[in-house]
Amino acid sequence: MSTTVEEQKQQKAFGWAATDQSGTLSPFNFSRRENGDEDVTLKILYCGVCHSDLHVLKNEWGFTSYPVVPGHEIVGVATKVGKNVTNFKVGDRVGVGVLVGSCKTCECCQQDLENYCPQIIFTFNSYNPDGTKTYGGYSDMIVVDQRYVLRFPDNLPLDAGAPLLCAGITVYSSMKYYGMTEAGKHLGVAGLGGLGHVAVKIAKAFGLKVTVISSSPDKESEAINRLEADSFLLSSDPAKMKSAIGSMDYIIDTVSAAHPLLPLLSVLKVNGKLVTVGLPNKPLELPVFPLVFGRKLVGGSDVGGMKETQEMLDFCAKHNIAADIELIRMDEINTAMERLAKSDVRYRFVIDVGNSLSQ
Amino acid sequence: MTSLHEEEHPNKAFGWAARDSSGVLSPFNFSRRATGEKDVAFKVLYCGICHSDLHMVKNEWGSSVYPLVPGHEVVGEVTEVGNKVQNFKVGDRVGVGCMVGSCHSCDSCKDNLENYCSKMVLTYGAKNYDGTITYGGYSDTMVADEHFIVGIPDNLPLDAAAPLLCAGITVYSPLRYYGLDKPGLHIGVVGLGGLGHVAVKFAKAMGVKVTVISTSPNKKKEALENLGADSFLISRDQDQLQGANGTLDGIIDTVSAQHPVVPLLGLLKSNGKLVLVGLPEKPLELLAFPLLQGRKLVGGSMIGGIKETQEMIDFAAKHNLKPDIEVVAMEYVNTAMERLLKADVKYRFVIDIGKTLKATS
């Protein structure tokens, strides 16, 4: 509860929330702050369903504060802009991703790495400086400081573009930081889900050779024919994995369940990089010999800063990259979550909030 | 009566070898190849005792072939050069490190990274291209292809230079590769032994601030006063670790025993790098959250290529950088090994081969 800052006025909002660890979502009335001088208000049209939403709904990471309104792949239209807002006007197509606040003064914030700010405020399940909770995009509207609002390029479809705000930036930022964008080099994408399929598209746009690494044989045809990956490696086939030893320059590991790293490390060439962007809630085992004998590394990456997120959106617009989505109604969300838990989606659910969220 | 080891090659050689996995070393007559047209032969004056030697004499990695003559921190004076040798002449001060051969044609070799060549030949205990087993530097002579010989500048004493050939390059290479060599950065060095103490010296010479991280409180005084480290952390003290969270740009972890790395990740700033140069046998436990939330990485490194090894030696000479050594006689080697096992050495044993290795008839 704030004592030194005057409590902002609140306005009514409506969305769907989970109230306990079952993770079951249902209609939920709540409130958001009024649009301040630095703020942009969005009428939400679409919101992507990220696997992180599912982890948080079920308290799989252990820090969920109920009730929780998930959703951090939010797109819509600006309906209000504060008087200090210069980059957006009413009617603009806008988006909000994984964060809605940071300290703005630390080294990370000054380097456009707000996503690594120790005082980051996440779009949902986080706390504002005034003590109020943040609620995400499974709702009708959201009010966000202009620094954390993205401009949605005109030729990017709002629905299929929504997942770029988390999945897209997650893979784009990791690839740029770890130098995994050299045309002609060979990238492995482990896991073909929301993150993985976007990784394939972005990697192809960088001119990389792409191999999808998956334990599901039925993803091969999709990977090659629809996503245009160059090849497919069945990780559950020891002979195939053996023949792939030392063949890849880099691997993006998008798998969110705990899994062994040794087979992936073996597939890397000397100086190879394994970048992990999934967040399993169990420890990973790190074998040291392959790292030392091949000067390999395992690195992490977590979404991206605001500047880079805008750069990624513009890059995707230029290369006509959007996610492959299944559009659902708000009242289908619980079924969608069950299917997501079984990876039964090609490859991201997006909630048609604008047309299906009603009181 | 001569053994097959003595008859294998035309030139007599003498050294000390382990005969079995007890690891006990004793005098051993053997032979070395004739100096080929690209070879440099040298009289061995000193050889460092690396912890790898201890692992190998006891067959702890399961790859040892007996009799085993260890030693891959070998220095001495050139006695003969083949007629195609361009960079060395008789009388030169030279050394050989962990490798004596590589394929010269793979991507790694072409990038001056012979250490990562899949056909790299180790200085001892490995099968050479002629099918014979290589013998290391606990011996009176060495012969190696010029490519794998490094020159030791005059201002570096040979005995102190020896450990640079393995310990030195093992820490120098990752400091460069992982960008932890820039003045003003702050790194941690985990473990204060042969590798660790040299890491502190190199980092300081590069203008990098150093915190030594150790389980032994009695190493604090040494670290700060003798080695010039800026600070010292006891890794088992949770409060100390917490207080240092998010302060380091990188960490060079030299420890080969199993140890937790998640607390080390906590010490790193965003974009921090944990570099492993030790070889714990079992996998280490890694959590995804600390890795992702600060965009941190865990990488490995193993010795370095020959070009970089020469560069490292020249850097050490320029900065008057010398490992801290305890010179011992050849006959002391078994006792030295026992003490090494207990980490009872500041910080590297070096065998005075030239004065104390005496051939037996």
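Just so we're on the same page: letters track the sequence lines, and every chain starts at 1.
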Check your understanding: Would a line drawn from the ring center of A/F122 to the ring center of A/H72 be shorter than 6.0 Å?
Key -> no
Exercise for review: Return the option, out of A/K269, A/K296, A/R295, with the maximum number of heavy-atom pairs under 4.5 Å with chain B.
Suggested key: A/R295
Practice item. Select, from A/V298, A/V288, A/N271, the one with the greatest count of heavy-atom pairs under 4.5 Å involving chain B. Key: A/V298
Review point. When rounded to the nearest 0.5 angstrom, what is the spacing between CD1 in B/I306 and NE2 in B/H147?
Key: 6.0 Å
Residues [X] and [Y]: side-chain donor-acceptor under 3.5 angstrom:
X      : Y      : value
A/D253 : A/H259 : yes
B/S231 : B/T211 : yes
A/Y127 : A/S65  : yes
A/T211 : A/S231 : yes

Please identify, among [options], the residue contributing the most non-hydrogen atom pairs under 4.5 Å to chain A.
options                        : result
B/V275, B/L276, B/V261         : B/L276
B/D107, B/V262, B/N271, B/L287 : B/N271
B/K282, B/E281, B/K269, B/E285 : B/E285
B/P280, B/S118, B/G246         : B/P280

Please classify the contact between [X] and chain A as side chain, backbone, both or neither, with a heavy-atom cut-off of under 4.5 Å.
X      : answer
B/S108 : side chain
B/L113 : side chain
B/N115 : neither

**Study point:** Six-ring centre of B/F315, B/R176 cation under 6.0 angstrom, axis tolerance 45°
**Key:** yes
Check your understanding: Contact part of A/L113 toward chain B, heavy-atom cut-off under 4.5 Å: side chain, backbone, both or neither?
Key -> side chain
Check your understanding: What residues of residues 174-187 of chain A sit under 4.5 Å from chain B when only non-hydrogen atoms are counted?
Key -> A/Y177, A/Y178
**Study point:** Aromatic ring pairing B/F289/A/F63, orientation class (parallel under 30°, perpendicular over 60°, tilted between)
**Key:** perpendicular
Is there a donor-acceptor contact under 3.5 Å from the side chain of [X] to the main chain of [Y]?
X      : Y      : answer
A/T309 : A/G305 : yes
B/Y116 : B/M302 : yes
B/T134 : B/L122 : yes

